[in-house]
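Just so you know, ligand 1 is whichever comes first in the structure, and atom 1 is the first atom listed for that ligand. Residue indices begin at 1 and follow the sequence shown.
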Amino acid sequence: MLNKNLQVIRLKKNREASVARHHPWVFSGAIDQIVGDVKSGDFVRVLDNKNQLLGIGAYSESSQIRVRILSFAGEEINTEFFAGRIERAFIKRQHLLSQPNRTACRLIYGESDQLPGLIVDKYEGYLVCQFLFAGLEPWRSEIIPLLAKFSGCNGIYERSDTTSRDKEGLTQTTGVLWGEAPPALIRINENDMLFDVDVATGQKTGFFLDQAENRQYLRKHSADQKVLNCFAYTGGFSVAALLGGATQVISVDSSAPALELLQSNLNANGLGAANHSTVNGNVFQVLRDYQTSGEHFDIVVLDPPKFAENKNQVNKAARAYKDLALQACKVINPGGLLVTFSCSGSIEMNLFQKITSDALLDANRQGEIVHYLHQGEDHPIALEFPESQYLKGLACRVN
Ligand code: SAH
């Protein structure tokens with residue numbers, strides 16, 4: 001359909017500023033008028049109060065984010081449009097994927113690639129995707145073959161089993177979308193570390209690709225260190241520490257299946273059990289147990305799940321992050337490293353730094369930041385869309 005025939009969403013007076021700055025979300029409260037019978041998945045023209053075109057977006061009737069803009073340039077949205085966006089996202093990551101020791105990478109990161117609500121991760125010859133926006137639903141049958149064509153993959157698997165689908169009024173869904181079903185475990189190479197990824201039942205799309213660069217950081221600093229890897233999942237940081245020359249690594253996670261896969265990931269990298277052990281438990285308790293037993297570490301990694309889902313949960317999450325860092329500091333040798341992360345988008349770096357500072361103060365330890373850590377470059381942060389920045393970390397020397 002030609003753009004001029006699209007239905008219209010007109011914004012309230014003085015509510016156009018963020019869209020005019022190319023932020024892609026239009027919240028329900030900013031909408032003055034919906035002209036005609038607009039349904040989920042329809043493309044709409046978004047106009048300011050003076051009828052100037054701000055962009056072309058797709059509509060989602062049950063979400064608070066009522067429209068996500070696909071084009072600020074007013075292009076026609078059709079198969080060629082999606083082909084262009086997908087190709088551009090893949091080209092951006094070519095330098096990563098052309099490395100022989102890198103066979104997994106995020107290929108499409110939603111709004112940061114101007115494809116709102118679409119996540120695509122590559123694991124060797126397979127893609128795993130999440131469709132998280134009602135506006136893209138009518139375009140699945142166009143997008144899926146384009147993903148196959150540009151990636152040359154063997155199969156595409158869907159992991160749209162996330163609560164953000166519920167907010168969009170969509171049912172959660174998983175399964176093969178195109179081509180071959182992936183094997184139960186896909187072996188990937190991340191900077192010469194091998195990991196088996198369970199894309200069907202693992203967390204998110206199976207692996208935390210966003211930590212790739214931070215694993216390299218840990219690897220570089222692990223020689224002769226005793227490392228406690230908290231929230232270890234399938235052992236990304238544990239393998240990195242051991243390959244980096246750690247003398248001993250303990251991996252803690254509450255998920256038994258994750259720890260099982262961690263064990264086979266150690267084997268895949270030729271790492272024996274001699275200097276590694278797992279603890280299947282609650283990190284908050286395990287850290288307290290080590291204080292009681294007097295066990296200390298040179299490096300403690302904290303990579304917990306998202307504690308704040310939204311801005312309302314920031315205070316509660318801040319208390320949990322602080323408690324973790326406080327308990328961790330108590331088991332760090334003087335001069336050791338605390339490597340602490342937050343993947344909560346609503347906890348900004350400044351706040352995270354303050355939380356960490358408060359924790360050290362309470363632990364009666366002096367500390368300094370020796371490195372700021374972030375999500376990897378395959379998860380780029382769009383300047384006009386600060387929400388795309390979510391993973392932040394601090395490497396702190398704890399004296
Ligand atoms: N660092 C990992 C990713 C961590 S994801 C990596 O690089 O791959 C968060 C992990 O925390 C999950 O594996 C989850 O099982 C675990 N988890 C969540 N709450 C926990 C708790 N209270 N104690 C221990 N593990 C927990």
Side-chain angles (χ1 to χ4, degrees), residues 104-106 121 123 128 159 162 185-191 193-199 201-219 222 227-244 246 249-266 268-269 276-290 299-309 313 316-317 319-328 331 338-344 373-376 378-379 390-395:
C105 169
R106 174 148 298 183
D121 287 340
Y123 296 106
V128 182
R159 280 298 303 273
T162 121
L185 294 175
I186 304 176
R187 180 157 295 181
I188 61 163
N189 184 335
E190 181 191 281
N191 299 314
M193 302 189 290
L194 304 178
F195 296 106
D196 283 339
V197 180
D198 178 345
V199 299
T201 65
Q203 297 199 24
K204 304 274 170 76
T205 65
F207 197 65
F208 292 88
L209 293 169
D210 52 0
Q211 290 283 23
E213 291 169 17
N214 303 330
R215 287 185 195 112
Q216 290 305 100
Y217 177 81
L218 184 72
R219 186 171 175 172
S222 292
V227 179
L228 178 65
N229 180 16
C230 299
F231 308 96
Y233 187 50
T234 57
F237 283 109
S238 308
V239 168
L242 286 166
L243 289 178
V249 175
I250 301 181
S251 304
V252 187
D253 203 283
S254 55
S255 158
L259 290 178
E260 246 171 66
L261 199 45
L262 182 151
Q263 206 62 54
S264 75
N265 283 332
L266 294 180
N269 290 279
H276 181 270
S277 49
T278 55
V279 177
N280 185 196
N282 179 352
V283 168
F284 289 87
Q285 186 54 47
V286 171
L287 288 172
R288 286 174 168 84
D289 293 346
Y290 284 137
I299 302 180
V300 176
V301 178
L302 299 174
D303 184 23
K306 201 199 267 185
F307 288 155
E309 289 293 335
Q313 297 175 359
K316 189 164 162 260
R319 285 196 293 278
Y321 285 119
K322 182 181 160 192
D323 185 44
L324 265 184
L326 169 61
Q327 305 312 328
V331 299
L338 170 67
V339 183
T340 175
F341 295 97
S342 161
C343 61
S344 304
L373 303 163
H374 301 278
Q375 62 212 58
D378 52 341
H379 295 60
Y390 68 99
L391 180 64
K392 60 210 70 76
L394 297 170

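Residue contacts with ligand 1 for Ser254 involve both N, CA, C or O and side-chain atoms from C-beta outward (heavy atoms, distance under 4.0 Å).
Residue-ligand proximity: Arg215 is placed with a non-hydrogen atom under 4.0 Å from ligand 1. Taking a 4.0 Å cut-off on heavy atoms, Val252 fails to register as neighbouring ligand 1. Ligand 1 is approached by Gly281 to a heavy-atom distance shorter than 4.0 Å. Heavy atoms of Ala258 stay at 4.0 angstrom or farther from ligand 1.
Between Tyr390 and His379, the ring-plane angle classifies as tilted under the 30° and 60° cut-offs.
Judged by distance alone, the side chain of Lys392 and the main-chain N or O of Ser344 form a donor-acceptor pair under 3.5 Å. Judged by distance alone, with hydrogens and angles left aside, the side-chain atoms of Asn265 form a donor-acceptor pair with the main-chain N or O of Thr234 at under 3.5 Å. In terms of modelled atom types and a separation under 3.5 Å, the side chain of Asp378 and the main chain of Asp210 share no donor-acceptor contact.
Judged as a salt bridge (charged side-chain N to carboxylate O under 4.0 Å, His left out), and not counting sequence neighbours, Lys204 has no contacts.
Protein heavy atom at the shortest distance from atom 15 (O) of ligand 1 is Asp253 OD1, 2.6 Å. Of the protein's non-hydrogen atoms, the one nearest atom 4 (C) of ligand 1 is Phe231 O, 3.2 Å. The protein atom (non-hydrogen) at minimum distance from atom 1 (N) of ligand 1 is Asp303 OD2, 2.6 Å. Nearest protein heavy-atom neighbour of atom 23 (N) of ligand 1: Val283 N, 2.9 Å.
At a 3.5 angstrom cut-off on N or O pairs, Asn282 counts as close to ligand 1.
Aromatic pair Tyr123/Phe207: ring centres not closer than 6.0 Å.
Of the candidates His276, Met193, Arg219, His276 is the only one forming a side-chain contact (heavy atoms from CB on, under 4.5 Å) with Leu242.
Residues Tyr321 and Pro304 approach most closely at CE2-CG, 3.8 Å, considering heavy atoms.
With ligand atoms numbered from 1 in the order given, ligand 1 contributes 15 (O) to contacts under 4.0 Å with heavy atoms of Ser255. When each atom of ligand 1 is checked for a heavy atom of Gln203 under 4.0 Å away, the hits are 12 (C), 13 (O), 14 (C), 15 (O). The atoms of ligand 1 that sit less than 4.0 Å from any heavy atom of Tyr233 are 2 (C), 3 (C), 4 (C), 8 (O), 13 (O). For ligand 1, the atoms lying closer than 4.0 Å to a non-hydrogen atom of Phe237 are 1 (N), 7 (O). Near Phe208, with a cut-off below 4.0 Å to any heavy atom, the atoms of ligand 1 are 3 (C), 5 (S), 8 (O).
In this structure, Tyr233 OH and Asp253 CG are separated by 9.0 Å, a value rounded to the nearest 0.5 Å.
Between Asp303 and Arg215, none of the side-chain N atoms (NZ, or NE/NH1/NH2) sits under 4.0 Å from a carboxylate O, so this pair counts as no salt bridge.
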